[in-house]
Protein chains: 2
Amino acid sequence: MFSRACEYGLRAALYLASLKHNGYVSIREIGERLNISVPFLTKIFQKLTQAGLMQSLRGPSGGVMFARSPEEITLFDVIVAIDGPDLFTECVLGLPGCGEAAPCPLHDHWKEVRTPIRDLFASTTLADMARRIQEARLRLTA
Amino acid sequence: MFSRACEYGLRAALYLASLKHNGYVSIREIGERLNISVPFLTKIFQKLTQAGLMQSLRGPSGGVMFARSPEEITLFDVIVAIDGPDLFTECVLGLPGCGEAAPCPLHDHWKEVRTPIRDLFASTTLADMARRIQEARLRLTA
DNA sequence: CCGTTTTAGGATAAATGTATCTCTAAGCCG
DNA sequence: CGGCTTAGAGATACATTTATCCTAAAACGG
Ligand code: SF4
Ligand code: SF4
């Protein structure tokens with residue numbers, strides 16, 4: 001479904017949102033907490049900052065933090081920033097230039113399920129998830 | 001979503017189902033018809049025959065054909081034979097051993113959408129698709 | 001200003017997925 | 001049987017993803 005990088009990015013974003021700590025958090029701390037390779041996670045956060053979702057600061061007491069409120073960042077935003085929009089635009093058979101005009105046989109069935117997927121991720125904010133994590137002690141790591 | 005191999009396998013299976021020609025069809029013919037690398041497609045059909053979905057015959061007038069009626073083969077069968085069941089069992093955050101017992105924060109939302117996806121593919125047979133292809137001249141290739 | 005900490009960015013290595021190649025085995029035909 | 005055709009299977013190349021490494025740039029703290 002998602003690339004490993006995207007899974008890591010989602011877990012890291014959910015972890016940060018659950019902290020309720022406004023200020024920079026170092027990537028090393030996040031990686032160690034979630035058992036994710038710190039150098040790899042650094043690359044992922046670079047994408048998130050370049051996409052404008054996070055902002056970063058170097059040096060001691062530096063790290064990464066949300067560029068806007070977790071209330072205004074959806075899972076969709078994170079996914080697209082890391083994996084690109086292909087999952088929500090390209091489609092099951094991978095045919096070039098497909099769509100309503102020249103549909104493949106699956107099109108009618110598939111569009112009924114692709115939209116709910118997109119809506120789910122587009123309507124769920126990091127803050128929503130953070131509330132769930134705190135209420136039910138849900139886990140982000142093994 | 002699916003691997004390229006799985007996309008090719010689905011397209012090939014749908015093509016065969018749409019033929020209404022009971023008998024062996026050579027992989028070379030399928031590959032050339034659908035613009036898919038013939039050696040790679042051969043590998044994919046090896047998986048489908050090993051999974052018991054197709055049967056094969058070597059030599060002239062050989063090729064591959066369905067091992068049981070296209071009415072009894074679902075898209076789910078093809079997907080699992082090629083990509084494995086991970087898409088339908090493993091889940092969004094890729095956490096090991098996740099599930100109802102130790103859910104991640106997305107679990108409740110995600111299960112509402114994963115089941116429809118699985119049902120869609122599990123309830124659609126190759127014969128269903130073949131009918132749609134013939135009725136509406138739907139395409140399988142660029 | 002200098003040493004330390006931390007992200008940024010590019011280069012490199014390992015692993016996986018995609019595609020090709022070669023040889024074998026099976027089947028057909030004369 | 002001998003030559004041709006086709007799938008099977010393993011080895012090999014290529015591409016992409018995943019992960020690591022190294023040097024720089026920015027920030028802080030003495
Ligand atoms: S389902 Fe629709 S959008 Fe997806 S490959 Fe088929 S025609 Fe294209
Ligand atoms: S949604 Fe459920 S099954 Fe999927 S990773 Fe989260 S806990 Fe596991």
Side-chain angles (χ1 to χ4, degrees), chain A residues 1-13 16 23-67 79 81-84 86-87 90 93-94 96, chain B residues 1-13 16 23-67 79 81-84 86-87 90 93-94 96:
Chain A
M1 186 91 190
F2 300 130
S3 71
R4 196 156 299 238
C6 194
E7 292 174 358
Y8 292 164
L10 284 169
R11 283 171 57 200
L16 282 179
Y24 292 102
V25 180
S26 81
I27 297 175
R28 182 172 44 74
E29 184 187 326
I30 303 169
E32 286 171 359
R33 180 72 181 73
L34 300 181
N35 275 102
I36 298 172
S37 151
V38 175
F40 191 37
L41 191 56
T42 302
K43 294 292 185 195
I44 297 167
F45 270 109
Q46 281 176 26
K47 284 192 176 186
L48 293 179
T49 56
Q50 283 161 2
L53 299 180
M54 313 284 305
Q55 66 190 97
S56 64
L57 185 73
R58 307 191 219 198
S61 80
V64 290
M65 67 181 290
F66 293 115
I79 293 162
I82 297 172
D83 273 358
D86 281 13
L87 178 64
E90 298 300 314
L93 295 192
Chain B
M1 185 91 192
F2 301 131
S3 71
R4 196 153 300 229
C6 195
E7 292 174 357
Y8 292 166
L10 284 168
R11 283 171 57 200
L16 282 179
Y24 292 102
V25 180
S26 82
I27 297 176
R28 182 172 43 75
E29 183 187 326
I30 302 169
E32 288 171 358
R33 179 71 182 74
L34 299 181
N35 276 102
I36 298 172
S37 151
V38 174
F40 192 36
L41 191 56
T42 302
K43 293 291 184 195
I44 297 167
F45 270 109
Q46 282 175 27
K47 284 192 175 184
L48 294 178
T49 56
Q50 283 162 2
L53 300 180
M54 312 284 304
Q55 66 190 97
S56 64
L57 186 72
R58 307 192 221 198
S61 79
V64 291
M65 67 181 288
F66 294 115
I79 293 163
I82 297 172
D83 273 357
D86 282 13
L87 177 64
E90 298 301 314
L93 295 192

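The figures that follow rest on heavy atoms only: side chains count, while hydrogens, waters and symmetry mates do not. Only a predicted model underlies this, so the values are computations on that prediction, with no experimental measurement involved. Every chain is numbered from 1 and lettered A, B, ... according to where its sequence line falls, protein lines coming before strand lines.
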Next on the checklist: Taking 4.0 Å as the cut-off, does a side-chain nitrogen or oxygen of A:Thr49 come that near to OP1 or OP2 on C:dT7?
Outcome noted: no
Checklist entry - Once you round it to whole Å, what is the distance between P of C:dT18 and CZ of B:Phe2? => result 13 Å
Next on the checklist: What is the distance, to the nearest angstrom, from the CD atom on B:Gln55 to the C1' atom on C:dA26?
Outcome noted: 15 Å
Item to check | Bend angle of the helix from C:dC1-D:dG30 to C:dG30-D:dC1, from helix axes over five pairs at each end, nearest 10° | outcome: 10°
Checklist entry - side-chain contact (heavy atoms from CB on, under 4.5 Å) between B:Leu48 and B:Val64: does it pass, once the steps are laid out? => result CA-CA 10 Å; B:Leu48 294 178; B:Val64 291; over 6 Å; no
Review item, nucleotides 9-13 of chain C N/O atoms under 3.5 Å of protein N/O:
residue	atom	partner	partner atom	Å
C:dG9	OP2	A:Gln50	NE2	3.0
C:dG9	N7	A:Lys43	NZ	3.2
C:dG9	N7	A:Gln46	NE2	3.3
C:dG10	N7	A:Lys43	NZ	2.9
C:dG10	O6	A:Lys43	NZ	2.6

Polar atoms only, N or O, under 3.5 Å: list the protein pairs with nucleotides 26-29 of chain D and their distances.
residue	atom	partner	partner atom	Å
D:dA27	O4'	A:Arg58	O	3.4

Item to check | By side chain to side chain contact (heavy atoms under 4.5 Å, CB included) - contacts of A:Phe2 (at least two apart) | outcome: A:Cys6, A:Glu7, A:Leu10, A:Ile79, A:Asp83, A:Leu87, A:Phe121, B:Val92
Checklist outcome for this item: Looking only at heavy atoms, the pair that brings A:Ala67 and A:Gly52 closest together is CB-O, 3.4 Å
Checklist entry - Do you know the tightest heavy-atom contact between A:Ile82 and A:Gly9? => result CD1-CA, 3.7 Å
Sequence neighbours left out, cut at 3.5 Å: what donor-acceptor pairs do the side chains of residues 36-44 of chain A make with other protein atoms?
residue	atom	partner	partner atom	Å
A:Ser37	OG	A:Phe40	N	3.3
A:Thr42	OG1	A:Val38	O	2.8

Item to check | Rounded interatomic separation in angstrom, taking CG from B:Leu53 and C1' from D:dA7 | outcome: 17 Å
Next on the checklist: Please report the distance, rounded to the nearest Å, between CZ in A:Phe45 and P in C:dA8.
Outcome noted: 10 Å
Checklist entry - Between atom CG in B:Leu48 and atom P in D:dA9, what is the gap in whole Å? => result 13 Å
Next on the checklist: Whether B:Ser37 contacts C:dT20 is assessed here as follows: a side-chain N or O lying under 4.0 Å from the phosphate OP1 or OP2. Is that the case?
Outcome noted: yes
Checklist entry - Just how far, in rounded Å, is C1' of C:dA8 from CE of A:Met54? => result 15 Å
Checklist entry - Do the side-chain N or O atoms of B:Arg28 get closer than 4.0 angstrom to the phosphate oxygens (OP1, OP2) of D:dT6? => result yes
Checklist entry - Who passes side chain to side chain contact (heavy atoms under 4.5 Å, CB included) against B:Phe66, sequence neighbours left out? => result B:Leu16, B:Ala17, B:Met54, B:Pro70, B:Ile73, B:Leu126
Checklist entry - Out of D:dA19, C:dT18, D:dA7, which nucleotide sits closest to the side chain of B:Ser26? => result D:dA7
Next on the checklist: Minimum heavy-atom separation for B:Ala12 and B:Phe45, please, with both atom names.
Outcome noted: CB-CZ, 3.7 Å
Next on the checklist: Please determine whether a side-chain nitrogen or oxygen atom of A:Tyr8 lies at a distance below 4.0 Å from atom OP1 or OP2 of D:dA19.
Outcome noted: yes
Checklist entry - Taking CZ from B:Phe40 and C1' from C:dT16, how many angstroms apart are they, rounded to a whole number? => result 12 Å
Checklist entry - What is the distance, rounded to the nearest whole Å, between atom CD1 of B:Ile82 and atom C1' of C:dG17? => result 14 Å
